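Have a look at the structure below, then the notes.
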Amino acid sequence: MLTQNLQEAYNKQLNKEFFSSYLYLSMAAFCEHIGLPGAANWMRVQAEEENFHAMKFFTYINERGGRIELDAIEKPQNEWKNLLDIFECVLKHEQYITKSINDLMNLAMDERDHASVQFLSWFINEQVEEEATVSDIINKLKITGADGQALFMIDQILA
């Protein structure tokens with residue numbers, strides 16, 4: 001059974017994961033609008049992955065006898081300068097999620113909830129991968145600058 005503290009924290013994380021999915025959908029829409037279908041597809045895939053993460057929390061809360069409390073999802077940003085700006089926003093958001101997961105792990109360790117520590121370990125590893133992937137894309141975008149051909153190629157890779 002989950003402690004009240006963990007239940008409340010997991011419900012907040014559940015909402016953050018759903019917001020992440022919503023944010024990626026907003027980014028996908030923007031990429032489509034500016035003619036980058038590959039980047040739009042990458043963002044849609046990320047949105048699905050974030051929804052999957054939310055559902056992992058949803059299932060875990062239920063499996064541990066907790067109660068799901070869904071909250072309103074905040075309106076995401078919907079305007080960016082360019083693709084580099086989008087991916088810098090992605091990295092900042094993923095770093096925010098990483099901190100949130102780390103805070104959950106600290107709480108689980110404080111509560112001596114070994115099942116939660118095991119559960120959250122998957123998310124910690126996932127966040128390392130997410131940040132590394134996005135950092136790599138940002139580096140490629142910085143190297144190419146405003147070169148249209150390079151942007152076209154990066155868009156193809158993101159597809």
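Fair warning: this is a prediction, and the values are worked out from it, not measured in the lab. Index from 1, following the sequence.
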For residues 74-84, pull every pair meeting side-chain hydrogen bond (donor to acceptor under 3.5 Å, both in side chains), keeping only residues two or more places apart or in separate chains.
none

Counting only heavy atoms not in K56 (residues, nucleotides, ligands), do more than 12 fall under 6.0 Å from its NZ?
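Yes, enclosed.
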
Would you find more than 12 non-hydrogen atoms of other residues, nucleotides or ligands less than 6.0 Å from Y60 atom OH?
yes

Side-chain touch [X]/[Y], heavy atoms, less than 4.5 angstrom:
{"X": "D155", "Y": "L151", "value": "no"}
{"X": "D71", "Y": "N11", "value": "no"}
{"X": "I68", "Y": "Y10", "value": "no"}

Quick one: sort the Y24 and H93 rings into parallel, tilted or perpendicular, breaks at 30° and 60°.
perpendicular

Could you report the tightest heavy-atom contact between A108 and S116, atom names first, then the distance?
CB-CB, 3.7 Å

How long is the gap from CD1 on I157 to CH2 on W42, to the nearest 0.5 Å?
13.5 Å

Spacing of S100 atom OG and Q95 atom CD [to the nearest 0.5 Å]:
13.5 Å

Which pairs with one or both residues in residues 19-38 pass salt bridge (charged side-chain N to carboxylate O under 4.0 Å, His left out), sequence neighbours excluded?
E32-R44

Side-chain donor-acceptor contact under 3.5 Å, E50 with Q46:
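E50 vs Q46: no donor-acceptor pair found between side chains.
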
With a 3.5 Å cut-off and no angle check, do the side chains of E131 and Q127 form a donor-acceptor pair?
no

